[in-house]
Every structure is written in structure tokens, then in C-alpha cells.
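Just so it is clear, the model here is predicted, and its values are computed rather than measured.
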Amino acid sequence: MVRPGRRISAGSQATDSRSLDIFGGCDPMRRRAWILSGFAAQTDQARGGKSTCRFDQEDDPTSVIFTGSLDPNSLDPPAAFAAMRTVESWTCPEDLSGYDAFIVDVKSSDRKQYTLVVKDTPLVRRPDGRVASTVSWEHDFRCDIANGSGRIILHFTGFKPFFRGRPIEDDRQPELKWNNVKSISIMCRSHFGNQEGEFTMQLYSISAYRYRDSSPEPSKGGSGKPSSRRKRSIQRLRRFFGGSSQWKSASKAASK
């Protein structure tokens, strides 16, 4: 989890080819509208639960409010969840294998823990119409702001495989095919009773960000030190995040 750092100045990404808008627009001067028809709710109601969620928009179509309620008491075990996922017809705007992280631009949040979920397999429906369970890659985050705004970095290396809400921890962990992303979801879940009740988070955008050079440097093996190319990536990160605490986590990932 990375806490939001200093807000990036207006227009700083307008000509930055390293960023890719996926939902909304990351440039504050050129916000893009969220298309609500491109999302559908997926909750524990399919398992007999009572959790709910939806996307709302007030007067500003360039942001979206993810809101709902978790009811873990209606389930045993109390694994409540509520998510807004992309619909079956959604296609990722670009191959993401050349990127390194998602940037979640939050307008306001209730400080609950949320999860970004990525799948590289098409949505499959069971004979009864319900969505079949498949492996997903998930990254939890929490935005500790109530009335301000901030950006959270979710490094691709931090996404871990899950199946039916539980981590896959054996030696046969699958690898996420970032060149074949089929769906993305934003989820709030109870973590087996640790969260419950109403939740609300307002988002400006979700974008992908590339902080390394497009052609990876061949491994020299055994040095254990960042290459000169990776050092340059770290320097770019420092400039991009304006010296905030956020760049430290990103630079740590770049040096691996």
C-alpha cells in the first residue's frame, strides 16, 4: 500500500507519453468522462449475501463515485464483497505489458480499504447465468484522505493471484498476462469481518504509467545493484512525483 503523495501539478501529464488513460483522464486540465454503461455490479448476492454497490455521478461526469454497503453478517464465513467491473464487451485501450503501475487518482475517500482487481481471462457465465469463478490478480490500497485529493501507485509487481477471495500461495502461481487484460474491477470487501457498512470513494481516473525505458536492459546477473538505466528511471520518478514520499516506493520497485 502506498499513501497518496503531493498532487501532481495541473497539466504535468498532458504530453507525457508514459501515461495511459484507462478510465477517466489523469490530466487535471483535460479530464475525460466516465462511461457508466461500461461497468456492472458484482457482489456477494450471488452467494446469498446482501452487499450492494453502484457507480454514481453528480454534476461532474469526469469523476465517479463508487458507493455501496458491505454486510458480512449475512454470510458464513463473513466474506462480503461488492465490486464494479468492466462489462464483457470492454477492451483494454492498449497492451499493458510495457507499463509498470496503475495510478489511481482519488478525489475523496472514507479511508476504507479497497482493491483493484485485474483478470486476463474472459468473463465466463455458468448455466444459471452467474459469473464463474476464475483466477484474479488483486492489489489492496487505502487512501487516507477525506476532503482532499491524491494519487496512489499500485505497482504491477504488487498484484497477487487469488481464487474465490483466497490467495494462491503454492509453487504453481500463475503469471498475469499484462498483454491480455480482459477486465478490471474496483472492489470493497469485508476481509472476513474487518470491514462492514457503507463505503464511498470518488475517483477522477485510473491510468497506467511507464517509468522505465521501453527496451529492457539485459541482465548482468549477480551485481545486485540498480543499472544506469534503472537509476535514470528513479530520477524520472522523483521529478514526476515532485519529491513526495510516494516516489520512494516506486523507485524501490524500479531498482528490482
Side-chain angles (χ1 to χ4, degrees), residues 22-24 32-93 102 104-143 152 154 159 162-166 181-206:
I22 299 177
F23 308 117
R32 295 167 55 191
W34 284 69
I35 309 301
L36 300 194
S37 60
F39 297 87
Q42 185 171 350
T43 72
D44 56 36
Q45 292 184 24
R47 298 172 42 239
K50 298 180 180 179
S51 299
T52 62
C53 70
R54 65 185 185 275
F55 270 171
D56 281 343
Q57 283 180 323
E58 296 178 339
D59 297 332
D60 180 11
T62 64
S63 67
V64 69
I65 302 169
F66 177 46
T67 185
S69 179
L70 294 176
D71 185 2
N73 299 319
S74 62
L75 296 165
D76 185 20
F81 73 92
M84 294 299 296
R85 61 165 176 79
T86 51
V87 297
E88 290 93 322
S89 59
W90 178 80
T91 56
C92 193
F102 287 116
V104 183
D105 195 350
V106 180
K107 184 176 182 179
S108 64
S109 177
D110 56 8
R111 296 183 173 91
K112 277 187 166 64
Q113 184 165 289
Y114 292 87
T115 305
L116 195 67
V117 182
V118 180
K119 289 178 178 279
D120 62 2
T121 54
L123 185 145
V124 177
R125 292 193 178 274
R126 302 179 352 174
D128 61 5
R130 291 188 294 173
V131 176
S133 297
T134 56
V135 175
S136 62
W137 279 260
E138 305 178 4
H139 198 312
D140 294 337
F141 65 96
R142 189 191 309 272
C143 191
I152 300 173
L154 303 180
F159 282 80
F162 283 74
F163 184 71
R164 292 182 174 175
R166 296 188 180 276
V181 171
K182 296 297 185 183
S183 72
I184 297 177
S185 307
I186 184 76
M187 176 171 64
C188 189
R189 58 184 171 192
S190 66
H191 293 279
F192 296 96
N194 291 325
Q195 293 190 141
E196 62 180 305
E198 296 183 356
F199 61 86
T200 299
M201 177 173 61
Q202 189 166 9
L203 301 173
Y204 278 126
S205 66
I206 298 176

Working note: W137 + D120, criterion side chain to side chain contact (heavy atoms under 4.5 Å, CB included); need CA distance, chi angles, decisive distance, verdict. CA-CA 9 Å; W137 279 260; D120 62 2; 3.6 Å; yes
Which heavy atom of I152 sits nearest to which heavy atom of C143, and what is that distance? CD1-CB, 3.5 Å
Rounded to the nearest 0.5 Å, how far does CZ of F102 lie from CZ of F159? 5.0 Å
Rounded to the nearest 0.5 Å, what separation is found between the OG atom of S205 and the CH2 atom of W34? 7.0 Å
So do the side chains of F162 and V117 get within less than 4.5 Å of each other, counting heavy atoms only? no
Among T200, T52, D110, D56, exactly one meets side-chain hydrogen bond (donor to acceptor under 3.5 Å, both in side chains) together with T67. Which residue is that? T200
If I compare all heavy atoms of Q45 with all of S51, which pair ends up nearest, and what's the gap? NE2-O, 2.8 Å
Verify, without hydrogens or angle tests, whether D44 (side chain) and F81 (backbone) share a donor-acceptor contact under 3.5 angstrom. yes
Does the side chain of Q113 come within less than 4.5 Å of N194's, by heavy atoms? no
If you round to the nearest 0.5 Å, how far is CG of L154 from CG of D140? 9.5 Å
Considering only heavy atoms from C-beta outward, does the side chain of I206 approach that of D105 to under 4.5 Å? no
Which atom names give the shortest non-hydrogen contact between V106 and M201, and what distance separates them? CG1-CG, 4.0 Å
Other residues, nucleotides and ligands only: do more than 12 of their heavy atoms fall within 6.0 Å of CD on Q57? yes
Atom pair NZ/CZ of K182 and R85 - distance to nearest 0.5 Å: 15.0 Å
Measure the shortest side-chain to side-chain distance between R164 and R47 over non-hydrogen atoms and say whether it is less than 4.5 angstrom. no
Ignoring hydrogens, what is the shortest heavy-atom contact between F163 and V135? Give both atom names and the distance. CD1-N, 4.0 Å
Which atom names give the shortest non-hydrogen contact between D71 and S74, and what distance separates them? O-OG, 2.9 Å
Before you tell me yes or no, could you show the steps for M84 and V64 under side chain to side chain contact (heavy atoms under 4.5 Å, CB included), namely the whole-Å CA-CA distance, both residues' side-chain angles and the distance that decides it to 0.1 Å? CA-CA 11 Å; M84 294 299 296; V64 69; over 6 Å; no
Hey, what do you get for CZ (F66) to CZ (F55), rounding to the nearest 0.5 Å? 6.5 Å
Would you check, one step at a time, whether the test side chain to side chain contact (heavy atoms under 4.5 Å, CB included) holds for T115 with F141? CA-CA 6 Å; T115 305; F141 65 96; 5.9 Å; no
Has S190 got a side-chain atom pairing as donor or acceptor with P78's backbone, closer than 3.5 angstrom? yes
If I compare all heavy atoms of K112 with all of E196, which pair ends up nearest, and what's the gap? CE-O, 3.6 Å
One should read off an interatomic distance between E58 CD and S63 OG, to the nearest 0.5 angstrom, of 7.5 Å
Are I186 and F23 packed together at the side-chain level, in the sense that at least one heavy-atom pair is separated by less than 4.5 angstrom? no
